2 protein chains.
Amino acid sequence: MFASNNGSTAAGRTPRQVTKPPVADPRRTLTLRDVSEASGVSEMTVSRVLRNRGDVSDATRERVLEAARSLGYVPNKIAGALASQRVNLVGVVIPSLSNMVFPEVLTGVSDTLEDTGLQPVVGVTNYSPEREETVIYEMLSWRPSGMIVAGLEHTDASRAMLAQAGIPIVEIMDIDGEPVDSAVGISHRRAGRQMAEAIIAAGYRRIAFCGTMMPYDHRARKRLEGFEDALRKAGLELADREYYSGGSALLKGREMTEAVLKRTPDVDFLYYSNDMIGAGGLLYCLDKGIDVPGKVGLAGFNGVELLDGLPRRLATMDACRLEIGRRAAEIIAGKHEGVIGGEVVELTPTLQPGDTIRA
Amino acid sequence: MFASNNGSTAAGRTPRQVTKPPVADPRRTLTLRDVSEASGVSEMTVSRVLRNRGDVSDATRERVLEAARSLGYVPNKIAGALASQRVNLVGVVIPSLSNMVFPEVLTGVSDTLEDTGLQPVVGVTNYSPEREETVIYEMLSWRPSGMIVAGLEHTDASRAMLAQAGIPIVEIMDIDGEPVDSAVGISHRRAGRQMAEAIIAAGYRRIAFCGTMMPYDHRARKRLEGFEDALRKAGLELADREYYSGGSALLKGREMTEAVLKRTPDVDFLYYSNDMIGAGGLLYCLDKGIDVPGKVGLAGFNGVELLDGLPRRLATMDACRLEIGRRAAEIIAGKHEGVIGGEVVELTPTLQPGDTIRA
DNA sequence: ACCATGGCTGTTAGCGGTAACATAGCGCAG
DNA sequence: CTGCGCTATGTTACCGCTAACAGCCATGGT
């Protein structure tokens, strides 16, 4: 991506040369038995101490902890999980890490899981259903305590695996569809509709759309569907549309905006499928001295905090990312007493008019 | 973070009420035995088929695969890993996901690991050494095949655990220090020095710094140290400095820039510890009609692609993020034949002068 | 003095796979 | 026909830990 990263191997320390098999460590990997021998109690007692479970006298507890510490013992969770049939992992499957939405959801998940003893494990699908299927399969093979998966659209095999897994499954971000088990998210159709209504109410009539054309970004698609529905209901239709994929979103936003405004000069509003390209469009308009929101109005989607520093606040709708992460994690952690599975939590995003829709 | 996410639980399907223990699934969780019974061969043969190992006749292979598929069998990696003493996971420990640098490194890691059968597992420390220690401990307890850890600064306990683990360890991003095992990164001291030299060469003399004050962002600190070294060597010192933490980086960049320019009006250059605040500074200057790079020059660090869409290209230095991820993964995957451990790979970032340093 | 009680520790039997070795056919050279 | 070398499959013994239960000892009520 950036050319000429001239890498050199500086032999700061003499690299160990080796013949074939990895150097047999002098010290085998430690087990409970080592700690038990070092502290003179049974393995079971050591296990109890290290897990803080069952009664152990303070004296032995001390002795064991000391031994474990001095040996540098790290328990083997693989063996532990197999024996106890319990795994403290929660699989989280998301399409991408470069779209800041998902790291934010993750933050919500981690925060909530923090004090439950559960730990999130992330898998990334790059918006590919096949990749998603693989990721889900791999994750399930570690027998996690729950799964959080972005979106409601999956391959049949994926749905089947999730349904069979016998653990809580939460599909997030979207609720326009039929979840495998539980779901937490917003209605993107409604979000799109709502934005369209606000735009129409503000008096804009020649409305264009700029967005991703990733075939598998179902949520962006649903927003656009809702958006167009609302336009139709008002007797309007999109004046123009422009799609992109890949590249710097900010730059793409500029380019698409330029393309649309040149091709359809009478456009008076641009609806972007996300805030980043919206920001690009905003910067373009400001550069060109176009009156925003007077001559052209702009709106995005997602409420990215990053945009706070722009010259003008872009109209947007937050997707409740943190909250989605939290709620999903709560369901997995079983914080909703008495109810198991089948929950659908609809969050309602707020429209933030910013400075790019006229009042 | 965004207030008033009014969540309601829409009971789309009847939530199952439960008494106490998780509903005992009608169908127990499947094991090799189930598949073996369904296909009329031994468990061992099934195992061989599913792992593609050892000779199995095409006829039985077909039969077994068919049985596994129709049952929806998902192998239990926990048991497999315990028995085979092999785990196809690589731990990746990074400070944060909101700084786009790390997702990019991750991309490099995943891409390279893709075809090695290894799988990255990410842990996030939030720049806390204690948290890092916990994360490392947790990860090691799953006995991964290797660990990639950001930075060279860790608690003693962390270093000890990593050193003892008996697996390849790669510390990434930074090479100014003593790695536990291998390291891949750039010299941040040198990067800072280089940037200072370029700025001085361009004729700027009243140079200020704006950056993070996270006590544990060692790399930003080292860059600043290198930067100041170079200034001193030229008989200069920082004209002013401003620190921040938290909040929207873009906005903070604006605020800090304003603060510095008001407090020290004769400043003619601002060096930012990252591109995002640098971008905020740039936007501020353009807003105020300040001549960039004539009256004030600007530079950041990291080469974030996101910035491509700004009105003017910020001077920066890329941190070789993708490449770092790739190289680290290669070391873990053992692609560097004949050498085991102790490698230090120094990558050299390129200075991209952009449009914010005068020629 | 006796036994129930409860606190602490040990024993046993797996968890669900896989490594390593054993075995059963089978073709074919001698 | 024997025996060797294959290939295809089965058997056995764990991997490192924990659930479940068993045992042991001091205590204390009666």
Side-chain angles (χ1 to χ4, degrees), chain A residues 21 25 27-65 67-68 71 73-88 117 138 140-145 165-166, chain B residues 21 25 27-65 67-68 71 73-88 117 138 140-145 165-166:
Chain A
D25 250 346
R27 47 183 185 294
R28 305 164 307 100
T29 131
L30 296 168
T31 75
L32 269 193
R33 153 146 261 113
D34 296 292
V35 182
S36 92
E37 279 168 6
S39 53
V41 297
S42 73
E43 302 173 37
M44 197 56 226
T45 301
V46 176
S47 169
R48 281 195 268 256
V49 170
L50 295 179
R51 284 178 301 147
N52 256 315
R53 193 145 315 183
D55 301 313
V56 181
S57 73
D58 290 346
T60 9
R61 157 166 288 110
E62 268 321 303
R63 213 139 35 87
V64 169
L65 285 177
L71 289 173
Y73 173 70
V74 177
N76 185 332
K77 285 214 177 161
I78 297 183
L82 183 60
S84 69
Q85 305 280 41
R86 265 183 282 104
V87 181
N88 68 339
E138 292 280 322
L140 286 180
S141 74
W142 287 102
R143 301 289 187 267
S145 301
Chain B
D25 265 328
R27 45 181 188 293
R28 304 164 309 98
T29 129
L30 296 168
T31 74
L32 268 193
R33 153 146 260 113
D34 297 291
V35 183
S36 92
E37 279 167 5
S39 54
V41 296
S42 72
E43 304 174 35
M44 197 57 226
T45 302
V46 176
S47 169
R48 281 195 268 255
V49 170
L50 296 178
R51 284 177 302 148
N52 256 317
R53 194 144 314 180
D55 301 312
V56 181
S57 73
D58 289 346
T60 25
R61 156 166 290 111
E62 267 323 302
R63 210 140 35 87
V64 169
L65 284 178
L71 288 174
Y73 173 71
V74 177
N76 185 331
K77 284 215 177 159
I78 297 183
L82 182 61
S84 68
Q85 305 280 39
R86 266 183 279 105
V87 181
N88 68 338
E138 292 280 322
L140 286 180
S141 74
W142 288 101
R143 301 288 188 269
S145 300

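Labels below follow one simple rule: chain letters A, B, ... track the order of the sequence lines, proteins then strands, and each chain is numbered from 1. What you are looking at is a predicted structure, and each value in this text was computed from that prediction instead of being measured.
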Asker: Using heavy atoms to find the nearest nucleotide of DNA chain C for N76(B) and R53(B) separately, return the residue whose nucleotide is more 5′.
Answerer: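 By nearest-heavy-atom nucleotide position, the 5'-most residue is N76(B).
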Asker: Taking the side chain of S42(A) as heavy atoms from C-beta outward, which of dG17(C), dC15(C), dG10(C) is closest to it?
Answerer: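 For the S42(A) side chain, the nearest candidate turns out to be dG10(C).
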Asker: Any side-chain N or O of T60(A) less than 4.0 Å from the OP1 or OP2 oxygen of dT9(C)?
Answerer: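 Yes, T60(A) has a side-chain N/O under 4.0 Å of OP1/OP2 on dT9(C).
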Asker: Between L82(B) and R63(B), which has a closest nucleotide on DNA chain D that is more 5'?
Answerer: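 Looking at DNA chain D, the more 5' nearest nucleotide goes with R63(B).
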Asker: Closest approach to the side chain of R51(A), judged atom by atom: which nucleotide of dA19(D), dC8(C), dG16(D) is it?
Answerer: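 Shortest atom-to-atom distance from the side chain points to dA19(D).
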Asker: Do R63(A) and V49(A) have side-chain heavy atoms sitting under 4.5 Å apart?
Answerer: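 Not touching, per the 4.5 Å side-chain cut-off.
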Asker: Would you name the heavy atoms of L32(B) and E43(B) that are closest together and state the gap between them?
Answerer: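 It is CD1-O, 3.8 Å.
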Asker: What is the separation between atom CE on M44(B) and atom P on dA24(C), rounded to the nearest whole Å?
Answerer: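 To the nearest whole Å, that distance equals 18 Å.
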Asker: In whole angstrom, give the distance that lies between atom CZ of R33(B) and atom C1' of dT18(C).
Answerer: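 Computing the R33(B):CZ to dT18(C):C1' distance gives 15 Å.
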Asker: Over all strands shown, is D55(B) touching base, sugar-phosphate only, or nothing at heavy-atom distances under 4.0 angstrom?
Answerer: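 Base, at least one base atom sits under 4.0 Å.
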Asker: CH2 of W142(B) versus P of dC17(D): gap in Å, rounded?
Answerer: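 Rounded to the whole Å, the gap is 13 Å.
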Asker: Out of dG10(C), dG17(C), dT9(C), which has the shortest distance to the side chain of S57(A)?
Answerer: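 Nearest to the side chain of S57(A) among the choices is dT9(C).
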Asker: To the nearest Å, how far apart are D34(B) CG and dC15(C) C1'?
Answerer: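 Interatomic distance, CG of D34(B) to C1' of dC15(C): 14 Å.
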Asker: Taking N and O atoms by type only, does the side chain of R48(A) place a donor or acceptor under 3.5 Å from a partner on the base of dG10(C)?
Answerer: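 Donor-acceptor pair under 3.5 Å: yes.
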Asker: With the side chain counted from C-beta on, respond yes when Q85(B) and R143(B) share a heavy-atom pair under 4.5 Å apart, and no when they do not.
Answerer: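 Sidechains of R143(B) and Q85(B): no contact.
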Asker: Which heavy-atom pair separates S39(A) from V46(A) by the least distance, and what is that distance?
Answerer: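 Answer, listing the atom of S39(A) first, then V46(A): OG-CG2, 4.2 Å.
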Asker: Is the phosphate of dT18(D), meaning OP1 or OP2, less than 4.0 Å from a side-chain N or O of S47(A)?
Answerer: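 So the side chain of S47(A) is within the cut-off, an N or O lying under 4.0 Å from OP1 or OP2 of dT18(D).
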Asker: Choosing from dG7(C), dA19(D), dT18(C), which nucleotide comes nearest the side chain of S84(A)?
Answerer: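 My answer, after comparing the listed nucleotides, is dA19(D).
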Asker: Check the distance between dG17(C)'s P and K77(B)'s NZ and give it to me in whole angstrom.
Answerer: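 Rounded to whole Å, this separation is 13 Å.
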Asker: Between atom CD1 in I78(A) and atom C1' in dC15(C), what is the gap in whole Å?
Answerer: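 About 14 Å, once rounded to whole Å.
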Asker: Measure the distance from CD on Q85(B) to C1' on dA19(C) and round it to the nearest whole Å.
Answerer: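 Going from Q85(B) (CD) to dA19(C) (C1'), I get 11 Å.
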Asker: Examine dT18(D): is either OP1 or OP2 under 4.0 Å from a nitrogen or oxygen in the side chain of R86(A)? Give yes or no.
Answerer: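 It does not, given that no N or O in the side chain of R86(A) lies less than 4.0 Å from OP1 or OP2 of dT18(D).
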Asker: Does some side-chain heavy atom of N88(B) sit less than 4.5 Å from a side-chain heavy atom of E138(A)?
Answerer: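 E138(A) reaches N88(B) side chain to side chain.
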Asker: Using whole Å, what does the distance between atom C1' of nucleotide dC8(C) and atom CD of E62(A) come to?
Answerer: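 In whole Å, dC8(C) C1' lies 16 Å from E62(A) CD.
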Asker: Determine the minimum heavy-atom distance between W142(A) and V87(B), stating which atoms define it.
Answerer: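 That would be CH2-CG1, 3.8 Å.
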Asker: Is any side-chain nitrogen or oxygen of Y73(B) closer than 4.0 Å to OP1 or OP2 of dG17(C)?
Answerer: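 Result: yes.
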Asker: Once you apply a heavy-atom cut-off of 4.0 Å, does R61(B) come out as touching a base, just sugar-phosphate, or nothing?
Answerer: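 Here R61(B) touches no strand at all.
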